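A quick write-up on the structure given underneath.
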There are 2 protein chains.
Amino acid sequence: MSKDENEKISLAVVKRLPRYYRYLGDLLEHGITRISSGDLSKKMGVTASQIRQDLNKFGCFGQRGYGYNVEMLYDEIKKILGLDREYNMIIIGAGNLGQALANYPNFRKRGFKFIGAFDKNPDIVGKTAGDVVIMDISELEPFLKENRVDIAVLSIPKYNAPKISPILVENGVRGIWNFSHIDLNTPDNVVVENAHLTESVMTLSYKLSELEKNNKE
Amino acid sequence: MSKDENEKISLAVVKRLPRYYRYLGDLLEHGITRISSGDLSKKMGVTASQIRQDLNKFGCFGQRGYGYNVEMLYDEIKKILGLDREYNMIIIGAGNLGQALANYPNFRKRGFKFIGAFDKNPDIVGKTAGDVVIMDISELEPFLKENRVDIAVLSIPKYNAPKISPILVENGVRGIWNFSHIDLNTPDNVVVENAHLTESVMTLSYKLSELEKNNKE
DNA sequence: TTTCAGATATTATTATTTTAACAGAAAAAC
DNA sequence: GTTTTTCTGTTAAAATAATAATATCTGAAA
């Protein structure tokens with residue numbers, strides 16, 4: 001590797017990696033074995049320079065005069081993203097969204113494995129979400145003590161999240177995928193990725209408003 | 001307004017607005033009528049400078065020596081985000097995720113109104129998602145010709161998305177909330193907001209890997 | 001072999017974004 | 001009232017990020 005291993009990679013770069021990964025997967029599916037940053041940039045609508053710089057942060061994966069080997073690069077990004085292992089996941093809040101996630105088959109394919117689901121609503125406790133039976137939320141803590149849980153999906157109303165979050169943290173959960181409309185306060189040894197759908201749709205409505213504003217002018 | 005109306009606001013700023021909006025909503029709920037950028041910055045964990053600069057892009061909403069009036073600022077951001085109107089939405093792909101979104105009551109509260117849902121799976125056509133009956137995908141085009149649809153939620157497998165997207169565009173849909181794992185090519189008069197959950201969870205697994213890497217050192 | 005186009009790694013430049021600084025207006029204190 | 005403090009809008013500086021430029025390496029064809 002050409003770069004300082006300890007150099008902190010910016011989130012902007014990291015957030016682009018899954019997209020590269022997706023495009024490389026598509027290329028693989030189409031049997032394309034090599035690609036240059038220039039060609040990839042045309043496909044993706046970004047500058048070739050950015051692609052080269054982004055990848056170069058993690059190592060020298062390309063070859064001058066040749067480009068990048070698709071399969072090799074795909075595997076490298078897979079490793080960088082931590083997709084070369086399995087994650088045990090649980091769902092907290094097995095409502096509509098929680099169940100939708102549990103039923104989504106692609107997660108399992110990528111190594112994200114649901115091993116439990118919890119809810120406080122007695123009407124759905126006992127039913128299944130994906131492969132797992134929904135347990136009562138009171139069983140969460142004992143479950144955590146008996147099972148290694150890497151990621152908790154938090155899809156509960158915002159006012160409940162601050163109660164649940166510490167239980168997760170204290171029992172060894174190190175990753176939280178947060179769909180609740182609240183910012184979690186977690187210690188440094190826990191990582192949170194927010195998936196705030198409401199904020200996403202608000203961004204869309206902003207863009208729509210801008211569009212209409214410009215049309216009127 | 002202090003600024004050039006035509007100045008293009010960067011997406012980075014826009015993406016922060018919903019979060020301000022959420023915090024202001026919380027303040028309102030707690031009966032707090034005024035707040036300074038400094039106090040808000042402590043709550044939100046961002047710099048006061050950024051808050052002032054962000055807000056100032058849209059107007060002079062604050063008052064020296066006083067701060068910001070919570071309710072007034074809340075309403076202003078609401079307007080900026082285009083949340084002071086209703087949006088007619090449809091769901092394309094009423095699988096687990098589509099149904100979860102249709103059933104989420106907060107959308108309606110915010111003015112996002114589902115008026116239709118479509119799927120090609122005959123097993124679910126005829127069932128209801130939220131308030132609407134799921135129609136066969138063949139009815140999409142006639143539906144669009146008869147109803148004003150502002151936003152289409154695209155939650156279908158990626159290989160179907162390129163077929164559907166032009167139908168939406170040609171029939172007047174101007175906003176697409178894209179959950180499909182593909183980048184849509186749409187003309188300038190259409191806006192797309194991607195909600196790529198897979199990319200989000202990959203970012204989480206990256207963060208987890210970094211965490212573990214640092215622990216080992 | 002040698003040459004040369006192709007393509008990267010890397011450095012330099014430019015643009016954007018964030019943070020800091022501060023003058024001045026309003027509110028609060030006295 | 002007057003003074004002091006608060007707190008914004010705005011300008012300036014610093015830090016990041018994106019783009020462009022370039023030196024260098026590779027592989028293949030002549």
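Everything numeric here is computed off the predicted structure, so don't read it as measured data. Letters go in sequence order (proteins before strands), and every chain restarts at 1.
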Extract from the structure each pairing of a protein N or O with an N or O of nucleotides 15-18 of chain C at less than 3.5 Å, listing the distance.
from   : atom 1 : to    : atom 2 : distance (Å)
C:dT18 : OP1    : B:R16 : NH1    : 3.0
C:dT18 : OP2    : B:R16 : NH1    : 3.3
C:dT18 : OP2    : B:R16 : NH2    : 2.9

Polar atoms only, N or O, under 3.5 Å: list the protein pairs with nucleotides 24-30 of chain D and their distances.
from   : atom 1 : to    : atom 2 : distance (Å)
D:dC25 : O4'    : A:R64 : NH1    : 3.1
D:dT26 : O4'    : A:R64 : O      : 3.0

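Put simply, B:Y68 has no side-chain N or O that comes within less than 4.0 Å of OP1 or OP2 on C:dA26. At the phosphate of C:dT10, OP1 or OP2 sits under 4.0 Å from a side-chain N or O atom of A:N56.
Rounded to an integer number of Å, the gap from A:D39 CG to C:dT8 C1' is 14 Å. To the nearest angstrom, P of C:dA7 lies 10 Å from CD1 of A:I35. Between the NZ atom of A:K8 and the P atom of D:dT16 there is a distance of 13 Å, given to the nearest Å. Whole-Å rounding puts the A:L40 CG to C:dA7 P distance at 13 Å. Rounded to a whole Å, the CZ atom of A:R52 is 11 Å from the C1' atom of C:dG6. Here D:dA18 presents its P atom at 14 Å from NZ of A:K15, a figure rounded to the nearest Å. One interatomic measurement links the two molecules: CD1 of B:I51 to P of D:dG9, which rounds to 12 Å at whole-angstrom precision.
Comparing atom distances between the A:S36 side chain and each of C:dT10, C:dC22, C:dA7 picks out C:dA7 as nearest.
You'll find the side chain of A:R19 reaches within 4.5 Å of the side chain of A:M44, heavy atoms only.
Of the charged side-chain nitrogens involved, none lies within less than 4.0 Å of a carboxylate oxygen, so that B:E86 and B:R148 do not count as a salt-bridged pair. Between B:K207 and B:E212, none of the side-chain N atoms (NZ, or NE/NH1/NH2) sits under 4.0 Å from a carboxylate O, so this pair counts as no salt bridge.
At distances below 3.5 Å, at least one donor-acceptor pair connects side-chain atoms of B:D150 with backbone N or O atoms of B:N88. Counting only distance, with no hydrogens or angles, the side chain of A:D39 and the backbone of A:I35 share no donor-acceptor pair below 3.5 Å. Not one N or O on the side chain of B:H181 forms a donor-acceptor pair closer than 3.5 Å with the backbone of B:P157. Panel note: side chain B:N160, backbone B:I156; no donor-acceptor pair is recorded below 3.5 Å.
Contact between A:W177 and A:A195 at its shortest, heavy atoms only, is NE1-CB, 3.8 Å.
A:Y23 and B:D183 form a side-chain donor-acceptor contact under 3.5 Å, judged by distance and modelled atom types alone. Between the side chains of B:Y20 and B:D54, a donor-acceptor pair is found at a separation under 3.5 Å.
Nucleic acid contact class of A:S49 (heavy atoms, under 4.0 Å, all strands): base.
Each of B:L83, B:V153, B:L101, B:N106 was compared with B:F112 under the side chain to side chain contact (heavy atoms under 4.5 Å, CB included) criterion, and only B:L83 meets it.
Between its opening and closing five pairs, the helix from C:dT1-D:dA30 to C:dC30-D:dG1 changes axis direction by 10°, a value rounded to 10 degrees.
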